[in-house]
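Down below is the structure, laid out as structure tokens.
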Amino acid sequence: MPSNDVRILAQAAVPTAAVGAIAAVVSGVVAGGKGAIGAVVATLIVILFMGLGLYVLQRTAKSLPHLFQAMGLMLYAAQILLLFVFVAAFKHTTLFNPRAFALTLVAGTLTWIAAQTRAHMKSKILYVEPDSTPSSNNEKSHKSGHSS
């Protein structure tokens, strides 16, 4: 992964982990140990799903740039659907508090999306590949078809 991609990943994962830690403490106080476990599990799921999604999206951008926007929309839709599946699957679990799990899942997802958007907006990504060798004026006029 190029350094810019790692930077965006870190700038999205760190705030999500912080929100997850806060949610774990609040859930632990409100719902006990099972609430804290639910919040931690939800935070790990959000970071895993969204991190893998970002990785897939960056690979798509490099190998198939013409599919980038469609892949991004499809990926976010799939991630949201999978998160709903997790909420539905663990709705009646006794392993942890399902309400703390669901609320932390939503809060973590919204935090990830906001942090990733902010990181992407602040990053300076070149959208044009710069020339590796500078060309002289003669080469430019010859390439463009203009005569001096």
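Hydrophobic clustering (side-chain heavy atoms under 4.5 Å, transitive across Ile, Leu, Val, Met, Phe, Trp, Tyr) keeps Val19 apart from Ile37. No continuous path of ILVMFWY side-chain contacts below 4.5 Å connects Leu103 to Leu105, so the two sit in separate hydrophobic clusters. Ile22 and Val14 fall into different hydrophobic clusters, defined by Ile, Leu, Val, Met, Phe, Trp and Tyr side-chain heavy atoms under 4.5 Å apart, directly or through other members. Following chains of ILVMFWY side-chain contacts shorter than 4.5 Å, one can reach Val87 starting from Ile113, so the two form part of one hydrophobic cluster. When hydrophobic clusters are built by joining Ile, Leu, Val, Met, Phe, Trp and Tyr residues whose side-chain heavy atoms come closer than 4.5 Å, directly or via intermediates, Phe84 is not grouped with Leu110.
Rounding to the nearest 0.5 angstrom, the gap separating the CH2 atom in Trp112 from the CD1 atom in Ile47 is 6.5 Å. In this structure, CG in Leu54 is found 9.0 Å from CG in Leu75, a value given to the nearest 0.5 Å. Residue Met74 holds its CE atom at 13.5 Å from CD of Gln69, rounded to the nearest 0.5 Å.
In this structure, Thr43 and Ala17 approach most closely via the heavy-atom pair CG2-CA, 4.2 Å. Ala42 approaches Phe101 most closely through the heavy-atom pair CB-O, 3.3 Å. Scanning both residues, Pro15 and Ala115, for their nearest heavy atoms gives CG-CB, 3.9 Å.
Taking the side chain to side chain contact (heavy atoms under 4.5 Å, CB included) definition, one finds that Val40 meets it with Ala24, Leu44, sequence neighbours left out.
Sorted by first and then second residue, the side-chain hydrogen bond (donor to acceptor under 3.5 Å, both in side chains) pairs involving residues 70-97 (not counting sequence neighbours) are Tyr76-Gln116. For residues 99-111, no residue pair satisfies the side-chain hydrogen bond (donor to acceptor under 3.5 Å, both in side chains) rule, not counting sequence neighbours.
The aromatic rings of Phe49 and Phe86 stand perpendicular to each other, their planes meeting at an angle above 60°, with 30° marking the opposite boundary.
Between Leu64 and His66, some side-chain heavy-atom pair lies under the 4.5 Å cut-off. Using a 4.5 Å heavy-atom cutoff, the side chains of Met50 and Thr16 are not in contact.
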key: Verdict with supporting geometry, Leu9 and Gln58, side-chain contact (heavy atoms from CB on, under 4.5 Å)   = CA-CA 11 Å; Leu9 178 66; Gln58 294 302 333; over 6 Å; no

